[in-house]
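Heads up: the structure comes next, in structure tokens.
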Amino acid sequence: MATGNGNGGTSAGSTSGSGLGSLAGSANVGTSSGNSSSGAGLLFPSIVELNVGGVHYTTTLSTLTRDPDSLLGQMFSGRWRSGQQPVLMRDSKGKYFIDRDGVLFRYTLDFLRNQKLTLPENFHECERLKQEADYFQMAEMRTTLLAATSAANALARLAIQQPASSDVSADENDQDLIAAVDIPSPPAELAVALPRSSGYITVGYRGTFAFGRDGLADVKFRKLSRILVCGRVALCREVFGETLNESRDPDRGASDRYSCRFFLKHTFLEQAFDMLQEAGFHCVASCGSGTASAGTDIKPGMDSEENRWNHYNEFVFVRR
């Protein structure tokens, strides 16, 4: 078991059975083996930064410990079950590292925040999300997910079994078939996905690259500095959620308008594309450009070639 005060710590014990043995980073802080969670505030800050499979999240300690029986509740409260004492690790930037699917973790975190499960239309990773619920020992989330998938499968079977024509009224047919397939009632915690509006979202990113030394023609991609987002505000918020940074938008507030001042809080282009795909968007156009800057002064220690060449790329996504 590890204890720490932010300046370092030591750890000992077994990580078997916890699934956290593959956590990478340095163990700068650990957890207490006490039977009470009252000391969690002494071990962890009120605002917690996470690195889940390479995807960064920021949340509160109260959210992570909302379900005390879950693995997250045990990790960030110091209340471990008998035989479960995994070492909580940090990455190179000091964020708590969890070796799980970073994209799917957003649904786990949302369930802890809102106590309900909201999935996008045509969500195809229910089995993987069940695995995440099992790993984090969130029984209520798994029950809600099972009820949702059972209801969806029953409705699909109902649509297949519905006769094309019959002497019996449609209402009577519906009632008989519903009774036959025994469709479970979705729990109140399940948020039903409503029809979504169509629209366009443009994603752009800029960065630097360098040509090979001594005139070699191999172009080397170097840095991606920022991912920009343009489109209707309501659509951008729906797709990117808390990863959307609106700090540079001068007209924050109204959602039925357009903005080209948004950018994302991360620089993972694939994560942005995954979120667009999950929301039902498809890429319909793209373009890219590269420029050579004028003879600007280079700071000591900087790569002159990398600083000289810049690129900008845009992708247009649509949902109809």
Side-chain angles (χ1 to χ4, degrees), residues 2 4 11 15 17-31 40 43-78 80 84 86-120 123-142 144-145 224 227 239-245 264-279:
S11 63
T15 60
S18 63
L20 296 177
S22 59
L23 299 184
S26 59
N28 296 327
V29 68
T31 58
L43 294 172
F44 304 99
S46 58
I47 304 298
V48 181
E49 292 187 332
L50 302 174
N51 177 351
V52 185
V55 182
H56 296 167
Y57 292 90
T58 302
T59 185
T60 63
L61 182 61
S62 60
T63 295
L64 293 173
T65 57
R66 185 156 295 164
D67 183 355
D69 294 328
S70 69
L71 185 60
L72 290 170
Q74 298 176 61
M75 290 166 62
F76 290 96
S77 67
W80 296 107
Q84 293 187 348
V87 178
L88 189 57
M89 309 296 285
R90 291 178 183 258
D91 65 8
S92 59
K93 295 185 178 180
K95 295 179 172 63
Y96 295 103
F97 180 78
I98 302 175
D99 190 17
R100 300 301 296 179
D101 190 312
V103 176
L104 290 181
F105 185 74
R106 61 185 294 211
Y107 303 113
T108 303
L109 197 57
D110 282 345
F111 190 83
L112 288 173
R113 288 170 176 154
N114 306 316
Q115 297 300 298
K116 64 181 180 180
L117 188 62
T118 304
L119 299 177
F123 183 73
H124 300 297
E125 296 189 283
C126 288
E127 290 301 321
R128 295 184 62 186
L129 191 56
K130 290 177 187 175
Q131 294 178 6
E132 298 303 302
D134 288 339
Y135 175 83
F136 289 112
Q137 302 173 23
M138 298 178 60
E140 187 176 354
M141 176 179 170
R142 176 178 173 81
T144 303
L145 185 60
L224 192 153
I227 299 178
V239 173
F240 297 108
E242 293 187 354
T243 64
L244 188 68
N245 193 325
L264 299 184
K265 297 178 182 179
H266 60 80
T267 56
F268 299 101
L269 190 63
E270 291 79 6
Q271 180 184 355
F273 287 174
D274 282 343
M275 297 176 78
L276 284 160
Q277 189 272 334
E278 290 174 2

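These numbers were taken from a predicted model, which means no experiment stands behind them. This chain uses plain numbering: 1 for the first residue, then up along the sequence.
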If every non-hydrogen atom of [X] is compared with every non-hydrogen atom of [Y], which pair is closest and at what distance?
X: Phe44; Y: Met75; answer: CZ-O, 3.4 Å
X: Leu145; Y: Cys126; answer: CD2-O, 3.6 Å
X: Pro68; Y: Arg66; answer: CD-O, 3.2 Å
X: Ser70; Y: Met138; answer: CB-CG, 3.8 Å
X: Leu61; Y: Pro45; answer: CB-O, 3.6 Å
X: Val52; Y: Asp101; answer: CG1-O, 4.0 Å

Does the side chain of [Y] come within less than 4.5 Å of [X]'s, by heavy atoms?
X: Leu264; Y: Gln271; result: no
X: Arg113; Y: Thr59; result: yes
X: Phe111; Y: Thr108; result: no
X: Phe136; Y: Met141; result: no
X: Phe97; Y: Asp99; result: yes
X: Leu88; Y: Phe76; result: yes
X: Val239; Y: Glu278; result: no

Using modelled atom types and a 3.5 Å cut-off, is there a donor and acceptor pairing between side-chain atoms of [X] and backbone atoms of [Y]?
X: Tyr57; Y: Gly102; value: yes
X: Gln137; Y: Asp134; value: no
X: Arg90; Y: Tyr96; value: no

For the CD atom of Glu125 and the CD atom of Gln131, what is their distance to the nearest 0.5 Å? 10.5 Å
Can a salt bridge be assigned to the pair Arg106 and Glu132 using a cut-off of 4.0 Å between side-chain N and carboxylate O? no
Ring-face cation contact, Phe105 with Arg100, 6.0 Å cut, 45° max: no
Check step by step if side-chain contact (heavy atoms from CB on, under 4.5 Å) holds for Leu109 and Thr63. CA-CA 8 Å; Leu109 197 57; Thr63 295; 4.1 Å; yes
